[in-house]
Amino acid sequence: MEDNYEKYAVAVIIVFGALIVGGLMAAGLSMGDRPAFLWALGGGFFGWLSGFSVLFDRPRIYGGLIIVSAGFCIASIVALVT
């Protein structure tokens with residue numbers, strides 16, 4: 001089996017960058033909700049940062065960053081709903 005971490009790292013960076021930053025930040029901007037926008041920005045940043053831990057083969061750091069990113073995204077959704 002080939003260990004090609006670069007493809008997975010780039011996929012993680014693109015998915016979190018495009019979906020979280022693009023979707024949640026756009027929702028925050030269109031609703032005029034600054035905290036939701038900033039929470040989404042934080043979630044996208046930590047998701048993007050997790051791609052580098054895949055690249056350097058650090059699974060525990062990757063898991064931690066994904067949990068932090070998910071927390072930020074949940075906070076953004078809660079800020080949009082309330």
Side-chain angles (χ1 to χ4, degrees):
M1 184 196 253
E2 181 181 336
D3 291 332
N4 193 357
Y5 293 114
E6 289 86 10
K7 289 181 184 177
Y8 298 118
V10 169
V12 167
I13 291 170
I14 290 172
V15 166
F16 277 99
L19 294 180
I20 293 176
V21 174
L24 285 175
M25 287 175 65
L29 284 174
S30 66
M31 292 182 169
D33 194 2
R34 178 178 270 168
F37 171 78
L38 292 174
W39 286 117
L41 180 65
F45 172 73
F46 281 106
W48 173 78
L49 197 61
S50 70
F52 293 104
S53 62
V54 171
L55 185 63
F56 296 123
D57 194 24
R58 302 286 187 194
R60 287 190 179 183
I61 295 173
Y62 173 73
L65 289 173
I66 290 297
I67 289 171
V68 170
S69 177
F72 272 83
C73 293
I74 291 169
S76 175
I77 291 169
V78 168
L80 282 172
V81 172
T82 57

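All heavy atoms count here, side chains included; hydrogens, waters and symmetry mates do not.
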- Query: Is there a donor-acceptor pair under 3.5 Å between the side chain of Ser76 and the backbone N or O of Phe72?
  - Reply: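 Flag not set: sc Ser76 to bb Phe72 has no pair under 3.5 Å.
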
- Message: Given 3.5 Å as the limit, does a donor-acceptor pair link the side chain of Ser69 with the main chain of Leu65, or not?
- Response: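 No; zero donor-acceptor contacts below 3.5 Å.
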
- Task: Indicate if Met31 and Val81 have the same hydrophobic cluster label, given that clusters are the connected sets of ILVMFWY residues with side-chain heavy-atom separations under 4.5 angstrom.
- Result: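 Yes.
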
- Query: Would Leu29 end up clustered with Leu38 when hydrophobic side chains under 4.5 Å apart are linked, directly or stepwise?
  - Reply: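 Linked, Leu29 and Leu38 end up in one cluster.
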
- Min side-chain heavy-atom separation Leu24-Leu41 under 4.5 Å: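 Of all side-chain heavy-atom pairs linking Leu41 with Leu24, none is under 4.5 Å.
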
- Would you indicate whether the side-chain heavy atoms of Asp33 and Phe37 approach each other to under 4.5 Å?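 Not touching, per the 4.5 Å side-chain cut-off.
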
- Task: Of all the heavy-atom pairs spanning Tyr62 and Ser50, show the shortest one and how long it is.
- Result: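 In this case the closest contact between Tyr62 and Ser50 is CD1-O, 3.5 Å.
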
- Which of parallel (below 30°), tilted (30 to 60°) and perpendicular (above 60°) describes Phe52 and Trp48?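 Rings of Phe52 and Trp48: perpendicular, as their planes differ by over 60°.
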
